Trainee: 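Got a structure for you, questions after.
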There are 2 protein chains.
Amino acid sequence: MATGRTHRPATRSRGIPEATVARLPLYLRALTALSERSVPTVSSEELAAAAGVNSAKLRKDFSYLGSYGTRGVGYDVEYLVYQISRELGLTQDWPVVIVGIGNLGAALANYGGFASRGFRVAALIDADPSMTGRPVAGIPVQHTDDLESIIEENGVSIGVIATPAGAAQQVCDRLVAAGVTSILNFAPTVLSVPDGVDVRKVDLSIELQILAFHEQRKAGEEPTGESAADTAPPAAPPAATVRRRTDGTEPGPDGDVPAVMPA
Amino acid sequence: MATGRTHRPATRSRGIPEATVARLPLYLRALTALSERSVPTVSSEELAAAAGVNSAKLRKDFSYLGSYGTRGVGYDVEYLVYQISRELGLTQDWPVVIVGIGNLGAALANYGGFASRGFRVAALIDADPSMTGRPVAGIPVQHTDDLESIIEENGVSIGVIATPAGAAQQVCDRLVAAGVTSILNFAPTVLSVPDGVDVRKVDLSIELQILAFHEQRKAGEEPTGESAADTAPPAAPPAATVRRRTDGTEPGPDGDVPAVMPA
DNA sequence: GGATGTGAACATTTTCACAGCT
DNA sequence: AGCTGTGAAAATGTTCACATCC
């Protein structure tokens, strides 16, 4: 998902597959829960169930980290928690800044999962002067003017952007110039960053649209005709002649209707 | 990715690859922006740049939808907007409920991208009686007790869970029982749902942990020794003898240190 | 000339199934 | 007997490169 470029493509450094990396936090969460219940060991089957994946995948994932299990027994919970934490870089403390303290930014600042697990909110930054000094989640908001010095003084390398879309790229540029090399973007924009900077995005409306796609399929295919009212089908063909696909398949439940959508 | 089960595994129904579906909203957003600027056509190259992907991928993606471009010219913006909207099911209106109107839920309710693009916040639901009736983003919060009737009366099939982790599974069960078949989960829990129900999750701390992983790599590999203070290395071996991996590779920057992590 | 659409090569990810160790 | 660890197969996703059409 990172935008910058597929994370240093040629880095052969004993690579853990990206798909595996993305699941490690899931395993870690499940393991932490077990640890809190003082469960000493888990089988791949149990842990996989707790993490919502299948056991073959989990075992394969763990095999990239090393042989941390015991055949016939399972995995030592505490030991695995540590190994995964270390692999993810959570044995060190990551100072994080949140830029854009609106509704969402405030929610993120208040989010508990932040403080735990290796991350620390080093600063909250907002462009609105009337916010400056006001504490959110116990942390006083600072003004955007001081962004660079805040980054440098706190040694921040991870930034969270929760600004409106219009401000995101500009904030991103300043973060990167100040030394941030990892960005979590909540603004609905594509950020462009130089090589070496990782961007991950979290986007509500994208997720909803993906759900809608599948939802639509369900309604169309299943006997349960739970359909909502369709928007008025439009008109106006494409620039040239409407072309058909080469195989015989149909494009969708309501055919190739040329159209103009209301923006 | 959806948890429930790989979206109806055997559904051969002229499948659009999941990876493509996940990118359609990106294209749609870029196209909408072009449309607003009254740009009539785009090349795959331009559109790909705007969406943050490469043009080969974009063309391949579009080829699954049909032949909507014109060789030598490009794509008609309005036409493509409609085709993708239709494919995603956005030509109909999806009523959505948000459950859990805390900081995050309120932020989601206020989020503009919600109202546009085919989604409508049909109701806000919270378990706290003192919230009931209070308007958030202009919509009065309703009590959890009425969840089932709200779902049914509004024909809701998409639910957003923004409750604390502890309440998420219970809320999920009730949503599903009431007829919701797509869930967007912001709570840091694995939800278990029956077959046919899609779940997508958005998880701040998972994203941060993935960033931390790459960040750690950067610090370790590059000359720039920008390292944060490491947590005290722990002790205590796994249940059995520490095993070595079969190939000669090393597991991590600081070796196979057996460990107990502070929970 | 210029850009799409797509087979074919390549890469990554998932799943299978079982050998190997406890 | 039980469960991990992993090669090999299968599935999915990405990129290349070019024939095809406007």
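Everything quoted here is computed from the prediction, not taken from an experiment. The sequence lines fix the lettering, A, B, ..., with proteins before strands; numbering per chain opens at 1.
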Trainee: Nearest-Å distance, CD (B:E18) to P (D:dT14)?
Mentor: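 Interatomic distance, CD of B:E18 to P of D:dT14: 11 Å.
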Trainee: I want to check one thing: is the phosphate of D:dT4, taken as OP1 and OP2, less than 4.0 Å away from some side-chain N or O of A:S44?
Mentor: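 Yes.
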Trainee: Restricting to ring-ring contact (aromatic ring centres under 6.0 Å, His included), what partner residues turn up for B:F186, sequence neighbours left out?
Mentor: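 Once residues adjacent in sequence are excluded, B:F186 has no partner under the ring-ring contact (aromatic ring centres under 6.0 Å, His included) criterion.
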Trainee: Can you measure A:L58 atom CG to C:dT15 atom C1' for me and round it to whole angstrom units?
Mentor: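 It works out to 14 Å between those atoms.
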Trainee: Provide the closest heavy-atom pair for B:S192 versus B:D173 in the form atom of the first, atom of the second, distance.
Mentor: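 Looking at all heavy atoms of both residues, the closest pair is O-OD1, 4.2 Å.
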Trainee: Find the distance B:D76:CG to C:dA3:P and express it as a whole number of Å.
Mentor: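 After rounding, the reported distance stands at 16 Å.
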Trainee: How close or far is atom P of D:dT6 from atom CG of A:D61, stated in whole angstroms?
Mentor: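 Checked: the CG to P distance equals 13 Å.
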Trainee: In terms of side-chain heavy atoms of A:S63, which of C:dG5, C:dT15, D:dG5 is nearest?
Mentor: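 Looking only at side-chain atoms, A:S63 lies closest to D:dG5.
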Trainee: For B:V190 and A:A50, which heavy atoms make the closest approach, and how far apart are they?
Mentor: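 Minimum heavy-atom contact is CG2-O, 3.6 Å.
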Trainee: Please tell me which of the listed nucleotides, D:dC22, D:dA8, D:dG13, lies nearest to the side chain of B:T70?
Mentor: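 Side chain of B:T70 sits closest to D:dC22.
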Trainee: Check this one for me: any side-chain N or O of A:N54 less than 4.0 Å away from OP1 or OP2 of C:dT14?
Mentor: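 Answer no for this pair, as no side-chain N or O of A:N54 is under 4.0 Å from OP1 or OP2.
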Trainee: Among B:L28, B:T32, B:L24, which one satisfies side-chain contact (heavy atoms from CB on, under 4.5 Å) with B:S85?
Mentor: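 It is B:L28, the one option of B:L28, B:T32, B:L24 that forms the side-chain contact (heavy atoms from CB on, under 4.5 Å) with B:S85.
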Trainee: Among C:dG7, C:dT13, C:dG5, which is the nearest nucleotide to the side chain of A:P17?
Mentor: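 Of the candidates, C:dT13 comes closest.
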Trainee: When we call it a touch if two heavy atoms are under 4.0 Å apart, what does A:F62 touch: a base, just sugar-phosphate, or nothing?
Mentor: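 Contact class for A:F62: none.
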Trainee: Roughly how many Å is it from CG in B:L47 to C1' in C:dA3, rounded to a whole number?
Mentor: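 Rounded to the whole Å, the gap is 13 Å.
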Trainee: Does a side-chain N or O of B:K57 approach OP1 or OP2 of D:dG13 to a distance below 4.0 Å, or not?
Mentor: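 No.
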Trainee: Of the listed nucleotides (C:dT13, D:dT4, D:dT14), which one gets closest to any side-chain atom of A:Y75?
Mentor: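 The listed nucleotide nearest to A:Y75's side chain is D:dT4.
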Trainee: Take the protein atom CD of B:E45 and the nucleotide atom C1' of D:dC16, then report the distance between them rounded to whole Å.
Mentor: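 Taking atom C1' of D:dC16 as the reference, CD of B:E45 is at 14 Å.
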Trainee: Between B:K60 and B:V42, who's closer to the 5' end of DNA chain C by nearest nucleotide?
Mentor: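 Mapping each residue to its closest nucleotide by heavy atoms, the 5'-most match is B:V42.
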Trainee: Extract from the structure each pairing of a protein N or O with an N or O of nucleotides 17-20 of chain C at less than 3.5 Å, listing the distance.
Mentor:
residue : atom : partner : partner atom : Å
C:dG20  : N3   : A:R71   : NH1          : 3.3

Trainee: Roughly, in whole Å, what's the span from OH in B:Y64 to P in D:dT12?
Mentor: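 It is 11 Å, rounded to the nearest whole Å.
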Trainee: Could you pull out all residues at least two apart from B:A48 that satisfy side chain to side chain contact (heavy atoms under 4.5 Å, CB included)?
Mentor: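 Result, side chain to side chain contact (heavy atoms under 4.5 Å, CB included) vs B:A48: B:V53, B:S55, B:L58.
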Trainee: Determine yes or no for a side-chain-to-main-chain donor-acceptor pair under 3.5 angstrom, with A:W94 supplying the side chain and B:L211 the backbone.
Mentor: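 Not confirmed, A:W94 side chain does not pair with B:L211 backbone.
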Trainee: Could you give the distance from NZ (A:K201) to CD1 (A:I183), rounded to the nearest 0.5 Å?
Mentor: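 The NZ atom of A:K201 sits 13.5 Å away from the CD1 atom of A:I183.
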